[in-house]
Amino acid sequence: MQETIDNIETYYPGYDEYNYTLNEISHNPFELAALLTVLYEDYTPSEVASMLLTIMDEQYELDIEEVVETRTRTVTEIDPDTGDEIEVEEEYEYYILNVTLTNHGVDYVARNKMSLTSEQLQRYEVLLETFGNKKYLFEDDPYAHHSLVNIRITIFHLNI
C-alpha cells in the first residue's frame with residue numbers, strides 16, 4: 001500500500017495538482033491477534049498468509065478521482081490590427097488528482113466483514129479487553145495503541 005501511495009505521481013503522471021488525504025498505514029496488533037485467534041485458534045504465519053491479505057484488502061480503501069477544472073488566466077497577445085500588446089483572458093483545463101486512503105481498522109473488518117458468529121465476536125471482544133492475556137507482547141510498540149490520523153497533502157506542479 002505504501003509503495004502505491006509513494007508512486008502515485010509515476011502511475012498517474014501529468015496532473016497539475018495532486019491532493020492526498022491519507023489515513024495512517026498501520027494496525028492495532030492486539031486487534032489483529034484477537035481476530036486471527038478467533039478464526040484459527042493456533043496458527044503459524046504461513047497458515048494465515050492469505051487471510052492477512054484478505055484483512056488488508058478489507059481494511060484499506062484507496063480512491064483515486066480525477067477532477068478537471070476550467071480556469072482562466074490573463075495572457076499577453078499582440079493585437080493584429082494595431083501591433084500593440086494587449087492582455088486577454090483565456091480558458092484552460094487544470095487537472096487535479098485526488099487520492100484518498102481510508103484505513104477502516106482491523107476492528108471494523110472483524111465486526112463488519114468477517115461474518116463472525118456471535119460466539120466468535122464475544123471471544124474477540126474478550127481477547128481485546130484482556131489484550132489476549134499477553135499485554136507485554138506489544139508494550140514497547142509505539143503503534144500498538146494508535147488512533148487513525150488523516151494527513152492532507154497538496155502537491156502543485158508548475159506547467160510552464
Side-chain angles (χ1 to χ4, degrees), residues 1-40 43-80 85-116 120-121 124-125 127-128 137-160:
M1 186 62 63
Q2 187 64 57
E3 180 184 340
T4 299
I5 297 297
D6 290 344
N7 290 293
I8 286 291
E9 294 176 42
T10 301
Y11 301 149
Y12 298 88
Y15 287 86
D16 298 303
E17 180 179 324
Y18 294 84
N19 293 318
Y20 296 88
T21 303
L22 308 173
N23 280 148
E24 186 177 300
I25 298 174
S26 66
H27 66 276
N28 181 319
F30 292 108
E31 292 172 350
L32 182 59
L35 178 56
L36 292 174
T37 299
V38 166
L39 293 174
Y40 293 92
Y43 57 87
T44 65
S46 63
E47 291 172 332
V48 298
S50 67
M51 178 55 71
L52 290 172
L53 292 175
T54 298
I55 292 168
M56 188 181 112
D57 285 345
E58 296 292 346
Q59 179 180 354
Y60 296 103
E61 182 179 340
L62 180 62
D63 291 318
I64 297 175
E65 174 193 29
E66 178 183 282
V67 176
V68 180
E69 295 179 353
T70 300
R71 295 187 177 187
T72 59
R73 62 182 162 213
T74 302
V75 295
T76 302
E77 292 183 357
I78 303 296
D79 185 314
E85 285 188 358
I86 58 171
E87 291 186 349
V88 295
E89 296 284 317
E90 76 174 7
E91 289 187 344
Y92 67 100
E93 291 184 338
Y94 187 82
Y95 293 89
I96 302 168
L97 191 69
N98 294 319
V99 180
T100 304
L101 177 66
T102 304
N103 180 347
H104 297 288
V106 175
D107 187 66
Y108 170 84
V109 174
R111 295 176 188 280
N112 298 289
K113 299 294 185 173
M114 290 287 116
S115 302
L116 298 179
Q120 287 174 314
L121 187 55
Y124 171 77
E125 289 172 348
L127 288 168
L128 283 182
L137 285 178
F138 305 111
E139 66 187 1
D140 293 332
D141 184 345
Y143 303 105
H145 300 287
H146 74 281
S147 61
L148 299 179
V149 176
N150 266 331
I151 299 171
R152 179 151 175 83
I153 301 168
T154 300
I155 298 173
F156 298 97
H157 291 273
L158 298 176
N159 294 326
I160 299 175

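Note that the structure is predicted; figures quoted are calculated from it, not measured.
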> Which of these passes side-chain contact (heavy atoms from CB on, under 4.5 Å) with Y108: K113, E31, Q59?
Replying inline: K113
>> Give me the atom names and distance for the closest heavy-atom approach of A34 to L128.
In response: CB-CD2, 4.1 Å
> Does N28 reach the side chain of D107, with side-chain heavy atoms less than 4.5 Å apart?
Replying inline: no
> Which atom pair, heavy atoms only, marks the closest approach of M114 to A110?
Replying inline: CB-O, 3.9 Å
> Can you check whether L121 reaches V38 side chain to side chain, under 4.5 Å on heavy atoms?
Replying inline: no
>> Rounded to the nearest 0.5 Å, what separates atom CD in Q2 from atom CG in N7?
In response: 10.0 Å
>> Using every non-hydrogen atom in the two residues, find where R71 and E17 come nearest and quote the distance to one decimal.
In response: NH2-OE1, 4.3 Å
> Does a sphere of radius 6.0 Å around OH in Y92 hold more than 12 heavy atoms from other residues, nucleotides or ligands, not counting ones at 6.0 Å or beyond?
Replying inline: yes
> Which class fits the ring pair Y18 and Y15: parallel under 30°, tilted 30 to 60°, perpendicular over 60°?
Replying inline: perpendicular
> With side chains defined as the heavy atoms from C-beta onward, is the minimum distance between Y12 and V99 less than 4.5 Å?
Replying inline: no
> Can E89 and T74 be counted as having a side-chain donor-acceptor contact under 3.5 angstrom?
Replying inline: yes
>> Between D16 and I96, does the side chain to side chain contact (heavy atoms under 4.5 Å, CB included) criterion hold? Intermediate values first, please.
In response: CA-CA 6 Å; D16 298 303; I96 302 168; 6.0 Å; no
> Side chains of L101 and T4: does their closest heavy-atom pair fall under 4.5 Å?
Replying inline: no
> Should I5 and L62 count as side-chain neighbours, where that means a heavy-atom distance under 4.5 Å?
Replying inline: yes
> How far does OH of Y20 sit from CD of E9, to the nearest 0.5 angstrom?
Replying inline: 3.5 Å
> What do you reckon, is CD of E85 surrounded by more than 12 foreign heavy atoms closer than 6.0 Å?
Replying inline: no
> About how many Å separate CD of E47 and CG of L39, when rounded to the nearest 0.5 Å?
Replying inline: 13.0 Å
>> Could you measure the distance from the CG atom of L36 to the CD1 atom of I55? Nearest 0.5 Å is fine.
In response: 5.0 Å
>> Whether the side chain of D79 engages the backbone of I86 through a donor-acceptor N/O pair (distance < 3.5 Å, no angle test) should be reported.
In response: no
> What's the shortest heavy-atom distance between T37 and Y43, and which atoms?
Replying inline: N-CE2, 3.8 Å
> Once you round to the nearest 0.5 Å, how far does CG of L35 lie from CG of L127?
Replying inline: 10.0 Å
> For Q120 and L116, which heavy atoms make the closest approach, and how far apart are they?
Replying inline: OE1-CA, 3.4 Å
> For the atom pair CG (L32) and NE2 (H27), what is the distance rounded to the nearest 0.5 Å?
Replying inline: 4.5 Å
> Between E24 and N103, what is the shortest heavy-atom contact and its length?
Replying inline: O-ND2, 2.9 Å
